[in-house]
**Q** 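Here it is: the structure, laid out below.
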Amino acid sequence: AKELRAKPATHDTALVNRMIEIGFSVRNTFPDTALIYANEALLRAKKIGYKSGQARSLGIRGIVSIYERHYNAGLEALLESYDIYEVLGEKVRQAFVLNNLGYMHKAQGKMALAKDYFKRSEAIFRAAKHKAGLALVLGNLGDIALKSGDISEALRLEREAFEWGRLGKE
């Protein structure tokens, strides 16, 4: 029986995944609810040893913390998420975390640091040819360029982001 429980049961991971999906879907409109789902998913994922579920739950916790301007909590959750993805070898998910770290620094007005995180994220998305990720991070880089007054670079980046977004929908 012990061998059978070595891996999480499908229904256990499915429940964690659904909780993460709900938390992610309401993160902008109902951040408190998103946090409840993320925290419960994290507890369940830890209990069954579901590392990817832990990382995704922490990612939601980090995003909500940023929205709520709890930057230290956001940083802590995102870095823990990043570390788990690194162990799992999930580069694209690491790139999304780097993008979120960039967003956090941008929200604090730390544009140089934000740009650094966005560029690191971009490099991973380009290597993976991840269209949606490129659209997201290039849009963020365009916003940085706009805020720094480089209108032509902002326009170039936004056009490229739009093109990657369009390609991702085909």
Side-chain angles (χ1 to χ4, degrees), residues 16-29 31 34 37-38 41-42 45 50-69 71 73-170:
V16 169
N17 289 338
R18 295 306 78 76
M19 295 175 93
I20 291 167
E21 288 170 9
I22 292 168
F24 186 80
S25 70
V26 300
R27 73 194 181 285
N28 296 321
T29 51
Y37 276 98
L42 180 60
Y50 182 34
K51 294 291 186 189
S52 183
Q54 291 174 43
R56 290 170 51 220
S57 300
L58 287 162
I60 294 169
R61 183 188 280 181
I63 291 167
V64 171
S65 295
I66 293 166
Y67 292 164
E68 299 289 316
R69 293 187 166 95
Y71 299 119
L75 178 63
E76 186 178 310
L78 290 172
L79 289 176
E80 190 175 345
S81 176
Y82 182 89
D83 289 344
I84 294 170
Y85 287 137
E86 187 170 38
V87 168
L88 295 175
E90 295 188 27
K91 294 286 188 198
V92 168
R93 290 190 189 253
Q94 282 180 284
F96 278 108
V97 174
L98 290 170
N99 180 75
N100 290 334
L101 287 164
Y103 180 83
M104 181 188 74
H105 290 295
K106 184 176 85 166
Q108 296 176 81
K110 300 175 183 176
M111 297 304 171
L113 195 51
K115 185 176 180 179
D116 179 62
Y117 277 103
F118 291 143
K119 293 298 257 177
R120 291 170 57 197
S121 176
E122 177 191 9
I124 296 169
F125 286 137
R126 283 197 188 279
K129 297 180 176 62
H130 194 280
K131 296 170 186 147
L134 278 167
L136 175 69
V137 76
L138 289 170
N140 284 326
L141 284 165
D143 190 44
I144 296 269
L146 183 62
K147 284 181 167 69
S148 69
D150 191 345
I151 305 300
S152 62
E153 179 65 1
L155 187 56
R156 183 192 72 74
L157 287 162
E158 292 295 345
R159 283 183 176 148
E160 188 179 354
F162 179 79
E163 184 61 22
W164 281 109
R166 187 186 64 75
L167 290 171
K169 292 179 181 169
E170 291 181 348

**Q** Are the side chains of Arg166 and Trp164 in contact, using a 4.5 Å heavy-atom criterion?
**A**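 A side-chain contact under 4.5 Å is absent here.
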
**Q** I'd like to know whether OH of Tyr67 has more than 12 heavy-atom contacts from other residues, nucleotides or ligands below 6.0 angstrom.
**A**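 Atom OH in Tyr67 is packed in, count exceeds 12.
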
**Q** Please check: side-chain N/O of Arg126 versus main-chain N/O of Ala123, any donor-acceptor pairing under 3.5 Å?
**A**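 Between the backbone of Ala123 and the side chain of Arg126 there is no qualifying donor-acceptor contact (under 3.5 Å).
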
**Q** Which heavy atom in Ala55 sits nearest to a heavy atom in Ser81, and how many Å separate them?
**A**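 Here Ala55 and Ser81 meet closest at O-OG, 2.9 Å.
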
**Q** Report yes if the side chains of Asp83 and Glu86 come closer than 4.5 Å at any heavy-atom pair, otherwise no.
**A**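 Answer yes - side chains close enough.
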
**Q** Looking at every non-hydrogen atom in both residues, tell me the closest pair between Leu157 and Ala145 and how far apart they are.
**A**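 Nearest heavy atoms, Leu157 then Ala145: CD1-CB, 4.3 Å.
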
**Q** Would you say CZ of Arg18 has more than 12 non-hydrogen atoms from neighbouring residues, nucleotides or ligands within 6.0 angstrom?
**A**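 Result for CZ/Arg18: enclosed.
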
**Q** Is any side-chain heavy atom of Met111 closer than 4.5 Å to a side-chain heavy atom of Ser148?
**A**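 Met111 vs Ser148: side chains apart.
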
**Q** Identify the two heavy atoms, one from Ile60 and one from Ala34, that lie closest to each other, and give their separation to 0.1 Å.
**A**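 That closest heavy-atom pairing would be CG2-O, 4.1 Å.
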
**Q** According to ring pair (Phe, Tyr, Trp, His ring centres under 6.0 Å), who are the partners of Phe125, at least two apart in sequence or on a separate chain?
**A**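 Result, ring pair (Phe, Tyr, Trp, His ring centres under 6.0 Å) vs Phe125: Phe96, His130.
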
**Q** Should Arg156 and Glu160 count as an ion pair when the cut-off is N to O under 4.0 Å?
**A**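 So Arg156 pairs with Glu160 through a salt bridge.
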
**Q** Would you say Ser121's side chain and Tyr117's backbone share a donor-acceptor pair under 3.5 angstrom?
**A**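 No, the answer is negative, given that no donor and acceptor are paired below the 3.5 Å cut-off.
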
**Q** I'd like to check Ile63 versus Tyr103 (side-chain heavy atoms, cut-off strictly below 4.5 Å). Are they in contact?
**A**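 Side-chain contact under 4.5 Å: no.
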
**Q** Of all the heavy-atom pairs spanning Glu158 and Asp143, show the shortest one and how long it is.
**A**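 The pair with the smallest heavy-atom distance is OE2-N, 3.7 Å.
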
**Q** Is there side-chain contact between Arg120 and Val137, with heavy atoms separated by less than 4.5 Å?
**A**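 No, too far: nothing below the 4.5 Å cut-off.
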
**Q** Restricting to non-hydrogen atoms, name the atom on Ala41 and the atom on Ile20 that form the minimum distance, rounded to 0.1 Å.
**A**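 Scanning both residues, the minimum pair turns out to be CB-CG1, 3.8 Å.
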
**Q** Drop me the distance from Leu146's CG to Leu141's CG, to the nearest 0.5 angstrom.
**A**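 CG of Leu141 is found 12.5 Å from CG of Leu146.
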
**Q** Would you say Ser57's side chain and Gly53's backbone share a donor-acceptor pair under 3.5 angstrom?
**A**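 Yes.
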
**Q** Is there a side-chain contact between Met104 and Leu101 in this structure, where contact means two heavy atoms from C-beta onward sitting under 4.5 Å apart?
**A**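 When only atoms from C-beta onward are counted, Leu101 and Met104 do touch, with a gap below 4.5 Å.
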
**Q** Show your working on side chain to side chain contact (heavy atoms under 4.5 Å, CB included) between Arg61 and Leu42 and close with a plain yes or no.
**A** CA-CA 9 Å; Arg61 183 188 280 181; Leu42 180 60; 3.2 Å; yes

**Q** Might you point out which heavy atoms bring Met19 and Tyr37 nearest each other, and give the distance in Å?
**A**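 Residues Met19 and Tyr37, closest heavy atoms: O-CB, 3.5 Å.
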
**Q** Under 4.5 Å between any side-chain heavy atoms of Leu78 and Ile66, yes or no?
**A**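 The answer is yes; the side chains approach within 4.5 Å.
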
**Q** Are Arg56 and Tyr85 close enough that some pair of their side-chain heavy atoms sits under 4.5 Å apart?
**A**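 Yes; the side chains approach each other to less than 4.5 Å.
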
